[in-house]
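What follows is a short report on a single structure.
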Amino acid sequence: NGDGISIDRKEANKYFQMAAPKREVKEWFMLDSLDDFKISTESFKKPYIKKGIINSTGQPIIAKFVVNDNFEKLKQECNNLIKCSHPSIQKVIGLYISKNHDDSSVLITPYLTNSSLDDVWDNLKDELYEENDIADENKTSLKSIYKIIFGVSNAMKYLEENDMFHGNLTPSNILIDDNFCPILNDIQLNTQNEIEQTKNAIFMAPEIISGQKASIKSDAYSFGILI
């Protein structure tokens, strides 16, 4: 500089790095509070799931609260979803873990108007029956079914290419958006207790029901039953 004092840039940078206070790095999806959301007090399908909106935009959301104080499972579900970047895999809006680790901890995801394949399948079957006399290429119900099959298989391919699998591929875990595109939810979250309680156990591979580990082959079995 003008005073003739030489400063080693590397040493200066090293000094400032040592002097800088360490700050906790916060993941983008972690929420400080639920003030930005309006969540219903009424349950939706399951006791721990509720509908709501984002206050600023009015966007509908689903709030999935912690079950049986299993915070690790809720965080794992969030981590599984944010690892993925695919149009047919559920997106995450945010995760709130309460300071007291009580049942107010919640995972926020987008709400899809058509809910799940469970909810629309009967209507699709009825429409397909009503369109019996129409050529296949003109059947809107058949086009919707093909779109769901293609979307699910494409998401499965993505998971396999990234050394992942779903592990619980059932109609209730295939959400349907406004354009009848499928969105996979609840990736790798099956447990033996859940399998025994779910009406969708018929879609699960024998190895999962017997308590063995799931794999992409288990997804292929479930997909075959779905089709």
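Owing to the predicted nature of the structure, the values given are computational and were not obtained by experimental measurement. Positions are given from 1, in the same order as the sequence printed here.
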Practice problem: List the steps and the verdict of side chain to side chain donor-acceptor pair (under 3.5 Å) for Q76 and N80. | Solution: CA-CA 6 Å; Q76 185 60 50; N80 287 339; 2.8 Å; yes
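- If you take CD1 on I108 and CD1 on I39, they are separated by 4.5 Å, rounding to the nearest 0.5 Å.
- Atoms CG and OG, from N154 and S88 in turn, are 6.5 Å apart once rounded to the nearest 0.5 Å.
- The number of heavy-atom neighbours closer than 6.0 Å to NZ of K38, taken from other residues, nucleotides and ligands shown, is 12 or below.
- Residues passing the side-chain contact (heavy atoms from CB on, under 4.5 Å) test with E72 are N70, K75, sequence neighbours excluded.
- Applying the ring pair (Phe, Tyr, Trp, His ring centres under 6.0 Å) rule to F44 yields the partners Y111; only residues at least two apart in sequence or on another chain are considered.
- Put simply, L112 and I62 are part of two different groups of oily side chains (I, L, V, M, F, W, Y) that touch within less than 4.5 Å, one to the next.
- Annotation for K157: atom NZ does not count as buried by contact number, only 12 or fewer foreign heavy atoms lying within 6.0 Å.
- Residue W121 is grouped with residue F203 when hydrophobic side chains (ILVMFWY) are merged at heavy-atom distances under 4.5 angstrom, including chains of intermediate members.
- In this structure, CD1 in I54 is found 7.0 Å from CD1 in I61, a value given to the nearest 0.5 Å.
- By the 6.0 Å contact criterion, CD on E42 is open, its count of non-hydrogen atoms from other residues, nucleotides or ligands being 12 or less.
- Ionic pairing of K64 and E77 is present here: one or more N-O contacts between side-chain nitrogen and carboxylate oxygen are shorter than 4.0 angstrom.
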